[in-house]
Protein chains: 2
Amino acid sequence: MSDSPPSLDPVQLGAYFDLIEVTSLLRHAVERQLRETGDLSYVQFQLLARLGDSPTGSHRMTDLADGVVYSRSGLTYQVDLLQKEGLVVRAPSPDDERSITVTLTDAGRALLAKVLPGHVEVVSRLLFEPLSRNDVKALAGLLAPVRDHMRSMPSRSAAPRRRKAGA
Amino acid sequence: MSDSPPSLDPVQLGAYFDLIEVTSLLRHAVERQLRETGDLSYVQFQLLARLGDSPTGSHRMTDLADGVVYSRSGLTYQVDLLQKEGLVVRAPSPDDERSITVTLTDAGRALLAKVLPGHVEVVSRLLFEPLSRNDVKALAGLLAPVRDHMRSMPSRSAAPRRRKAGA
DNA sequence: GCCGCATTCTTCGAATTCGAAGCAGTAGAC
DNA sequence: GTCTACTGCTTCGAATTCGAAGAATGCGGC
């Protein structure tokens with residue numbers, strides 16, 4: 001009951017607000033650049049980037065969705081779009097017939113290469129310009145544990161599917 | 001023109017990715033809590049919170065939109081919803097007939113008070129649990145300049161910004 | 001005072017987003 | 001082998017989001 005303070009202290013509040021505000025602004029700016037340069041949304045870019053980072057150039061649908069924190073159905077929609085543009089290919093997984101493996105095509109890799117410089121430029125200018133090398137190191141050092149912590153938290157509504165008329 | 005490096009160094013990349021990932025996860029968790037506790041979306045909560053923070057309990061539409069980094073039309077839609085629920089009221093601005101002043105109602109303030117503890121709880125648990133007091137201080141110290149920097153950047157093909165410090 | 005242009009908010013259409021429900025494949029118990 | 005629960009993906013409907021265009025007001029120059 002009284003475990004959690006009724007409010008955050010001012011420093012926490014500031015950090016929280018700034019975090020939300022900074023990423024909102026950054027996302028906005030990045031989105032515009034991606035739209036102009038390669039007609040991509042941010043999610044689409046994230047997907048291509050993740051695939052590009054993979055040694056095999058592919059990932060399962062579920063892993064992609066979890067990776068970019070997106071709904072399954074939303075991912076289906078986005079991968080549909082990317083496939084229509086010829087940027088990725090879908091193929092059934094060899095070891096598990098249920099899984100779909102999404103793979104980056106050459107066109108996808110090319111588009112990624114085309115948008116990347118501008119993307120880097122925006123992020124550098126907006127996010128990193130006011131930060132020294134040590135600042136960035138400190139920031140990374142602070143955020144990594146938070147990310148791990150969040151990823152390790154139970155999903156809080158991991159309610160297993162309900163049986164109808166159970167009980 | 002080719003001054004910008006072709007890529008970010010690994011530390012920068014890590015900080016950038018973690019930033020995006022952390023806020024995505026946090027937003028997701030917060031959104032669920034708000035939906036369950038008060039049937040509010042994150043944007044709606046942000047709007048109520050901003051109004052609640054204001055000494056007068058009100059803001060102009062434009063300032064709200066800029067504050068939460070949202071499109072004008074999107075804000076119109078959201079304020080419509082909030083007004084239908086009786087959480088805010090719209091009134092023409094006294095000094096500028098073009099402006100609409102949005103004001104928090106008692107019901108809005110009550111709902112805000114109702115959801116706030118749970119909100120604080122989620123943020124504390126997810127974001128601040130792995131951080132020491134000094135960590136939080138450091139994080140706030142790093143993000144504030146970035147926020148200021150981003151806010152001061154020209155919007156890159158948007159309307160000429162109108163900076164107003166006073167109020 | 002009057003005109004041209006900027007600012008504010010809304011309406012509109014199109015695209016995206018999510019959750020719930022459904023289908024198919026897999027794994028473990030017996 | 002067969003049954004039951006679970007996982008992975010898609011379809012579907014409803015709600016949200018944005019940008020462009022439109023209507024109304026304010027501002028500056030003349």
Side-chain angles (χ1 to χ4, degrees), chain A residues 24 27-32 34-36 39-47 58-85 88 90-102 155 157-164 166, chain B residues 24 27-29 31-32 34-36 39-47 58-85 88 90-102 155 157-164:
Chain A
S24 293
R27 217 180 157 111
H28 222 235
V30 163
E31 215 142 49
R32 173 153 54 223
L34 289 173
R35 184 63 68 194
E36 285 171 1
D39 203 43
L40 284 175
S41 71
Y42 194 44
V43 198
Q44 292 171 335
F45 169 74
Q46 281 184 296
L47 294 174
S58 45
H59 276 304
R60 298 188 319 145
M61 294 285 284
T62 293
D63 296 336
L64 279 176
D66 287 349
V68 302
V69 191
Y70 219 61
S71 73
R72 305 297 156 92
S73 50
L75 185 70
T76 295
Y77 177 77
Q78 286 300 340
V79 171
D80 273 354
L81 292 184
L82 292 176
Q83 189 168 27
K84 263 177 210 146
E85 295 293 326
V88 303
R90 259 193 271 226
S93 219
D95 38 314
D96 190 336
E97 283 287 330
R98 292 169 303 180
S99 293
I100 298 286
T101 302
V102 183
S155 194
S157 93
R161 221 180 281 201
R162 278 240 177 121
R163 287 184 44 74
K164 63 176 193 173
Chain B
S24 293
R27 217 180 156 111
H28 222 247
E31 215 142 49
R32 173 153 51 220
L34 289 172
R35 184 63 66 192
E36 286 171 1
D39 204 44
L40 285 175
S41 71
Y42 194 46
V43 199
Q44 293 171 335
F45 169 75
Q46 281 184 296
L47 294 174
S58 46
H59 276 304
R60 298 187 319 144
M61 293 285 284
T62 293
D63 295 336
L64 278 176
D66 286 349
V68 301
V69 190
Y70 219 61
S71 73
R72 306 297 158 95
S73 50
L75 186 69
T76 294
Y77 177 77
Q78 287 300 339
V79 171
D80 274 353
L81 292 185
L82 292 176
Q83 189 169 27
K84 264 176 210 149
E85 296 292 326
V88 303
R90 259 192 271 225
S93 217
D95 40 312
D96 190 336
E97 283 287 329
R98 292 169 303 178
S99 293
I100 297 286
T101 302
V102 182
S155 198
S157 99
R161 71 210 163 87
R162 189 162 108 88
R163 210 164 26 91
K164 264 193 137 172

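Chain letters run A, B, ... following the sequence lines, proteins first, then strands; residues in each count from 1. Note that the coordinates shown come from a computational prediction; the quantities given were computed from them, not determined experimentally.
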Which nucleotide in the list C:dC9, D:dT16, C:dT16 gets nearest to the side chain of B:Ser99?
C:dC9
Where the side chain of B:Gln78 is concerned, which of C:dG25, D:dT16, C:dT10 is the nearest nucleotide?
D:dT16
So what is the end-to-end bend of the helix from C:dG1-D:dC30 to C:dC30-D:dG1, with 5 pairs used at each end and the value given to 10 degrees?
30°
Examine the base of D:dG8 for any acceptor or donor lying under 3.5 Å from a partner atom in the side chain of A:Thr62, and report the outcome as yes or no.
no
base_contact_polar (C:dT26 base, A:Arg98 side chain, donor-acceptor, <3.5 Å)
no
To the nearest angstrom, how far is A:Leu75 atom CG from C:dC18 atom P?
10 Å
Polar contact flag, side-chain donor to acceptor under 3.5 angstrom, A:Thr101-A:Ser58
no
Residues A:Arg72 and A:Asp66 bridged, charged N to O under 4.0 Å
yes
Is the closest side-chain heavy-atom distance between A:Leu40 and A:Arg35 below 4.5 Å?
no
Side chain to side chain, A:Tyr70 and A:Gln46, heavy atoms closer than 4.5 Å
no
Nearest-nucleotide check on DNA chain D, B:Arg72 vs A:Asp96; residue mapping nearer the 5' end is A:Asp96
Closest-nucleotide 5' rank along DNA chain D - winner of A:Arg90 and A:His28
A:Arg90
Residues at least two apart in sequence or cross-chain that pass salt bridge (Lys or Arg N to Asp or Glu O under 4.0 Å) with A:Arg27, listed by chain then number, are none
5' priority, DNA chain C, between A:Glu97 and A:Ser73 [closest heavy atom]
A:Ser73
B:Gln83 side chain vs B:Asp80 backbone, donor-acceptor pair below 3.5 Å
no
